[in-house]
Visitor: 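Here it is, the structure, as structure tokens.
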Amino acid sequence: MAEEPGAASVRATYDRIADHFSKTREYAWPEVSEFLDGRSGSVGLDVGCGNGRHAELLVERCERVLGIDLSRGMVATARDRSAERGFDYGLAQADASSLPVRDGVVDLAVYVATLPHLPSRELRVASLDELARVLGGDGRALVSAWSTEHDRFDRAEGFDTTVEWTLPGGTGVDRFYHIYDPEEFRADVSESGLELVEFEVSSGNCYAAVRPG
Amino acid sequence: MKEDLLDIVCCPLDKHDLELDATEREDGEIVTGTLTCTECGETYPIEDGIPNLLPPDMRDEAPA
């Protein structure tokens, strides 16, 4: 019987694959670099920071940065990588749908390739509400989600699935994903406390540049 | 973690201030300790320099 998808299983998966996953996630996504170009602020936030490759871009643009991830294994890889590369930012283990971040303190945030791991629409919209809450009045964020527009999917409407991660040695580990169709993604952003500023589909991902509504 | 992170973080449940109790420091960073919500009293551990600010019901979930 298939395991019920939940935050605990997503976390356990990333705890298990953290080291290998991190090694394959060396570089920032170009869409994220483009969004951040020309932007700066006092406080930066990376929600679902993984190994910290995007938090490192925020460090260059913000006085202080916090990276959070559900998986302790991923946070540990981010800490080790930042120490090796000389990037100085704060890290915490935390949940995207209950952010441990003060109201309105964040100027610049990225929430990249993480939203689809939240196991229900309610939690996904709650996480977008949380992002709206922590952004300051002039704050901006980039939210991304894997989409049905990606070549590997042949469905037009959003759906839940698991995508296998193959560890060295061949062991497969499943990860829960909600694959968004672009209209559904826009609808979830609109449903939340965020306001959509710009939207694009690029390399099979939906990207929303947002501000607090 | 650095102590000035407390300017940014808060209790994930009620968003109130956290109070630091550091039991081990190294090079100006807190390695071990706790963060306690000044409103609800919930306590969040800091281990290996990383605060665990998951809501308590998620913290205690056994890995699936």
Side-chain angles (χ1 to χ4, degrees), chain A residues 2-16 42-45 62-80 82-83 88-107 109 119 123 126 130 133-134 173-174 176, chain B:
Chain A
E3 181 188 9
E4 193 68 27
S9 68
V10 169
R11 178 178 3 151
T13 294
Y14 277 101
D15 281 346
R16 201 169 158 198
S42 173
V43 173
L45 174 69
C62 300
E63 289 162 37
R64 302 169 63 192
V65 172
L66 172 64
I68 67 145
D69 203 283
L70 182 66
S71 157
R72 186 165 186 89
M74 288 310 317
V75 173
T77 64
R79 178 194 54 195
D80 296 346
S82 65
D88 187 16
Y89 61 94
L91 285 161
Q93 190 180 3
D95 174 44
S97 56
S98 38
L99 289 177
V101 179
R102 292 169 182 266
D103 295 359
V105 296
V106 175
D107 301 300
L123 286 171
E130 278 288 81
R133 178 183 64 79
V134 303
V173 184
D174 280 342
F176 171 83
Chain B
M1 64 164 268
K2 289 192 168 64
E3 192 158 348
D4 69 359
L5 196 66
L6 292 173
D7 303 339
I8 299 174
V9 299
C10 64
C11 176
L13 299 177
D14 59 25
K15 318 303 181 188
H16 281 273
D17 292 355
L18 295 168
E19 191 173 279
L20 171 69
D21 180 14
T23 50
E24 186 189 349
R25 291 175 188 261
E26 196 178 297
D27 300 331
E29 303 226 3
I30 298 115
V31 180
T32 312
T34 56
L35 295 166
T36 303
C37 178
T38 55
E39 180 70 16
C40 69
E42 189 60 52
T43 295
Y44 302 91
I46 306 166
E47 290 166 9
D48 297 325
I50 299 171
N52 181 344
L53 291 168
L54 289 172
D57 62 332
M58 294 185 71
R59 187 198 311 160
D60 298 337
E61 261 177 70

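Just so you know, these numbers come straight off a predicted model, no measurement behind them. Here is how names work: the chains are called A, B, and so on, in the same order as the sequence lines, proteins then strands, and each is numbered from 1.
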Visitor: Any side-chain to backbone donor/acceptor pair from R64(A) onto D4(B)? Under 3.5 Å, distance only.
Guide: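 Between the backbone of D4(B) and the side chain of R64(A) there is a qualifying donor-acceptor contact (under 3.5 Å).
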Visitor: Sort V101(A) into side chain, backbone, both or neither according to what part of it lies under 4.5 angstrom from a heavy atom of chain B.
Guide: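 For V101(A), heavy atoms of backbone and side chain both lie under 4.5 Å from chain B.
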Visitor: Would L70(A) and L54(B) count as a side-chain contact (heavy atoms from CB on, under 4.5 Å) here? Give the steps.
Guide: CA-CA 8 Å; L70(A) 182 66; L54(B) 289 172; 3.6 Å; yes
Visitor: Does R16(A), at its CZ atom, have more than 12 non-hydrogen atoms belonging to other residues, nucleotides or ligands within less than 6.0 Å?
Guide: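 No, because the 6.0 Å sphere around CZ of R16(A) holds 12 heavy atoms or fewer from other groups.
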Visitor: Minimum heavy-atom separation for P12(B) and S98(A), please, with both atom names.
Guide: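 Scanning both residues completely, I find the closest heavy atoms to be CB-O, 3.4 Å.
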Visitor: Side chain, backbone, both or neither: which part of L6(B) has a non-hydrogen atom closer than 4.5 Å to chain A?
Guide: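 When you check distances to chain A, only backbone atoms of L6(B) fall under 4.5 Å.
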Visitor: To the nearest 0.5 Å, tell me how far D7(B) CG sits from R102(A) CZ.
Guide: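 It comes to 7.0 Å.
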Visitor: Can you say whether L66(A) sits under 4.5 Å from chain B via the side chain, the backbone, both, or neither, judging by heavy atoms?
Guide: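 Side chain of L66(A) only, per the 4.5 Å heavy-atom cut-off to chain B.
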Visitor: Between K15(B) and L99(A), is there a donor-acceptor pair closer than 3.5 Å when you use the side chain of the first and the backbone of the second?
Guide: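 Yes.
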Visitor: Here's a test for you: under side-chain contact (heavy atoms from CB on, under 4.5 Å), which of L53(B), N52(B), L13(B) qualifies with P100(A)?
Guide: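 Only one of L53(B), N52(B), L13(B) forms a side-chain contact (heavy atoms from CB on, under 4.5 Å) with P100(A), namely L53(B).
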Visitor: Checking R79(A) side chain against G49(B) main chain: does a donor-acceptor pair fall under 3.5 Å?
Guide: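 Not a single qualifying donor-acceptor pair exists.
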Visitor: What is the distance from atom CD of Q93(A) to atom CD1 of I50(B), rounded to the nearest 0.5 Å?
Guide: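 Taking CD in Q93(A) and CD1 in I50(B), the distance rounds to 8.0 Å.
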Visitor: Should we say atom CD of E24(B) is surrounded by more than 12 heavy atoms from elsewhere, each under 6.0 Å from it?
Guide: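 Above 12, so yes.
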Visitor: Determine which pairs satisfy salt bridge (charged side-chain N to carboxylate O under 4.0 Å, His left out) with at least one residue from residues 31-48 of chain B, sequence neighbours left out, and list them in order.
Guide: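 Pairs touching residues 31-48 of chain B that pass the test: E42(B)-R59(B).
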